[in-house]
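Here the structure is laid out as structure tokens; the discussion comes afterwards.
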Amino acid sequence: MTDEPPAYVLDTGPLSHFAKAQWLGVLKTVLKEHRVCIPDIVREEVRQGVPHHPHLRSVLEETPWIEVVPLNTEAQLSAFSHYAKRLVGPDGRNAGECGVLALAESTPGAIAVIDDRVATEAIRGRPVVVRRTLGLLCEAIRAGLLTVPLVSALADDLLESRYRIPFRTGEFAAWAEAQGLL
């Protein structure tokens with residue numbers, strides 16, 4: 001058995017919105033003791049989004065702490081195929097989520113950071129651990145890495161960036177308390 005902390009596999013959504021709100025450094029702080037990675041398909045989604053969303057350039061250029069992992073093993077490709085059958089529509093949407101789930105499933109002890117409800121439902125019966133972004137931030141508060149006022153400000157900025165979270169501006173603390181997360 002290893003005492004190594006789990007790896008975290010990040011999805012495009014959290015990365016994009018944290019970059020847009022200029023809070024990528026918080027993710028780095030929260031995950032500093034962990035291996036942090038994205039599948040190559042997420043990097044490609046980010047790269048393709050740069051012309052329309054220039055803030056994504058910071059994900060590509062200012063995150064040397066994020067490792068890009070190619071999906072190329074049999075286990076990764078099999079898991080990707082499983083998720084793609086359930087999540088990817090004719091427009092190709094959700095391929096990044098499939099990559100995140102496949103990489104997390106094929107990496108022992110890894111945790112997928114993903115907020116898409118449909119994607120999190122697709123893991124039923126699969127050996128994948130998912131942590132939603134708000135849960136990750138609440139864990140960081142409990143660990144003393146972040147404060148409630150800081151995460152409240154971050155959550156408000158995420159809302160301003162049009163990230164879907166289950167409360168309105170100024171309501172993070174009340175929501176987290178009601179959920180038993182603090």
Side-chain angles (χ1 to χ4, degrees), residues 5-39 42 45-46 49 52-53 55-56 58-59 62-63 65-66 83 86-87 89 93-101 103-105 107 109-182:
Y8 280 82
V9 184
L10 306 180
D11 188 29
T12 308
L15 283 172
S16 173
H17 286 274
F18 272 69
K20 186 173 184 179
Q22 299 182 4
W23 287 97
L24 277 174
V26 168
L27 284 177
K28 181 179 181 182
T29 297
V30 168
L31 300 173
K32 68 182 175 187
E33 301 297 326
H34 301 270
R35 176 182 176 212
V36 180
C37 49
I38 58 173
V42 165
E45 282 184 346
V46 170
H52 300 291
H53 308 283
H55 65 272
L56 292 175
S58 64
V59 174
E62 300 170 17
T63 56
W65 48 276
I66 298 176
Y83 294 116
R86 286 153 183 78
L87 297 172
R93 289 182 55 93
N94 295 328
E97 285 88 346
C98 296
V100 169
L101 294 172
L103 183 56
E105 180 174 318
T107 304
I111 298 169
V113 178
I114 198 163
D115 290 319
D116 184 276
R117 182 186 51 78
V118 175
T120 58
E121 290 173 0
I123 68 168
R124 286 196 184 118
R126 303 290 290 192
V128 179
V129 175
V130 170
R131 182 84 69 252
R132 292 181 182 258
T133 304
L134 291 173
L136 184 68
L137 295 172
C138 289
E139 286 177 11
I141 291 169
R142 290 192 307 272
L145 295 172
L146 302 177
T147 65
V148 172
L150 182 125
V151 175
S152 293
L154 187 158
D156 289 349
D157 287 349
L158 290 176
L159 283 164
E160 190 174 311
S161 78
R162 303 183 58 94
Y163 202 50
R164 291 176 297 219
I165 49 182
F167 49 82
R168 292 185 298 243
T169 301
E171 296 180 351
F172 166 75
W175 173 85
E177 284 289 338
Q179 301 298 311
L181 295 173
L182 296 180

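Quick note: numbers below take in every heavy atom, side chains included, and nothing from hydrogens, waters or symmetry partners.
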Do [X] and [Y] have side-chain heavy atoms sitting under 4.5 Å apart?
X: Thr120; Y: Arg132; answer: yes
X: Ser58; Y: Thr63; answer: no
X: Val46; Y: Ser16; answer: no
X: Leu158; Y: Phe18; answer: yes
X: Val130; Y: Leu101; answer: yes
X: Val128; Y: Tyr83; answer: yes

Check for a donor-acceptor pair, side chain of [X] on one end and backbone N or O of [Y] on the other, with a separation under 3.5 Å.
X: Asp116; Y: Ala119; answer: yes
X: Thr107; Y: Ala104; answer: no
X: Arg142; Y: Leu181; answer: yes
X: Thr29; Y: Gly25; answer: yes

For [X] and [Y], work out which heavy atoms get closest and say how close.
X: Leu15; Y: Val59; answer: O-CG2, 3.8 Å
X: Ala155; Y: Ile165; answer: O-CD1, 3.6 Å
X: Pro6; Y: Gly109; answer: CB-O, 3.0 Å
X: Val113; Y: Thr133; answer: CG1-OG1, 3.9 Å
X: Pro39; Y: Val100; answer: CG-N, 3.6 Å
X: Gly96; Y: Glu45; answer: N-OE2, 2.9 Å

Query raised in the report: More than 12 foreign heavy atoms under 6.0 Å from CD of Gln22: is that the case here?
Result: no

Query raised in the report: More than 12 non-hydrogen atoms from neighbouring residues, nucleotides or ligands closer than 6.0 Å to CZ on Arg126, yes or no?
Result: yes

Report task. Give me the ring orientation class for His17 and Tyr163: parallel if the planes are under 30° apart, tilted from 30 to 60°, perpendicular past 60°. Result -> tilted

Query raised in the report: When the ring planes of Phe172 and Trp175 are compared, do they come out parallel, tilted or perpendicular, using 30° and 60° as the limits?
Result: tilted

Report task. Would you check, one step at a time, whether the test side chain to side chain contact (heavy atoms under 4.5 Å, CB included) holds for Leu146 with Leu137? Result -> CA-CA 8 Å; Leu146 302 177; Leu137 295 172; 3.8 Å; yes

Query raised in the report: Is Glu139 salt-bridged to Arg131, going by a charged N under 4.0 Å from an acidic O?
Result: yes

Out of curiosity, [X] [atom1] to [Y] [atom2], how far, rounded to the nearest 0.5 Å?
X: Asn94; Y: Leu87; atom1: CG; atom2: CG; value: 5.5 Å
X: Cys37; Y: Ile66; atom1: SG; atom2: CD1; value: 9.5 Å
X: Ser161; Y: Asp156; atom1: OG; atom2: CG; value: 11.0 Å
X: Leu10; Y: Ile111; atom1: CG; atom2: CD1; value: 11.0 Å
X: Gln179; Y: Leu134; atom1: CD; atom2: CG; value: 9.5 Å
X: Cys98; Y: Leu103; atom1: SG; atom2: CG; value: 13.0 Å

Requested in this report: Could you walk me through whether Thr12 and Leu56 pass the side chain to side chain contact (heavy atoms under 4.5 Å, CB included) test, one step at a time?
Outcome: CA-CA 10 Å; Thr12 308; Leu56 292 175; 5.7 Å; no

Requested in this report: Under the side chain to side chain contact (heavy atoms under 4.5 Å, CB included) rule, what do Asp115 and Asp11 come out as? Steps first, then yes or no, please.
Outcome: CA-CA 8 Å; Asp115 290 319; Asp11 188 29; over 6 Å; no

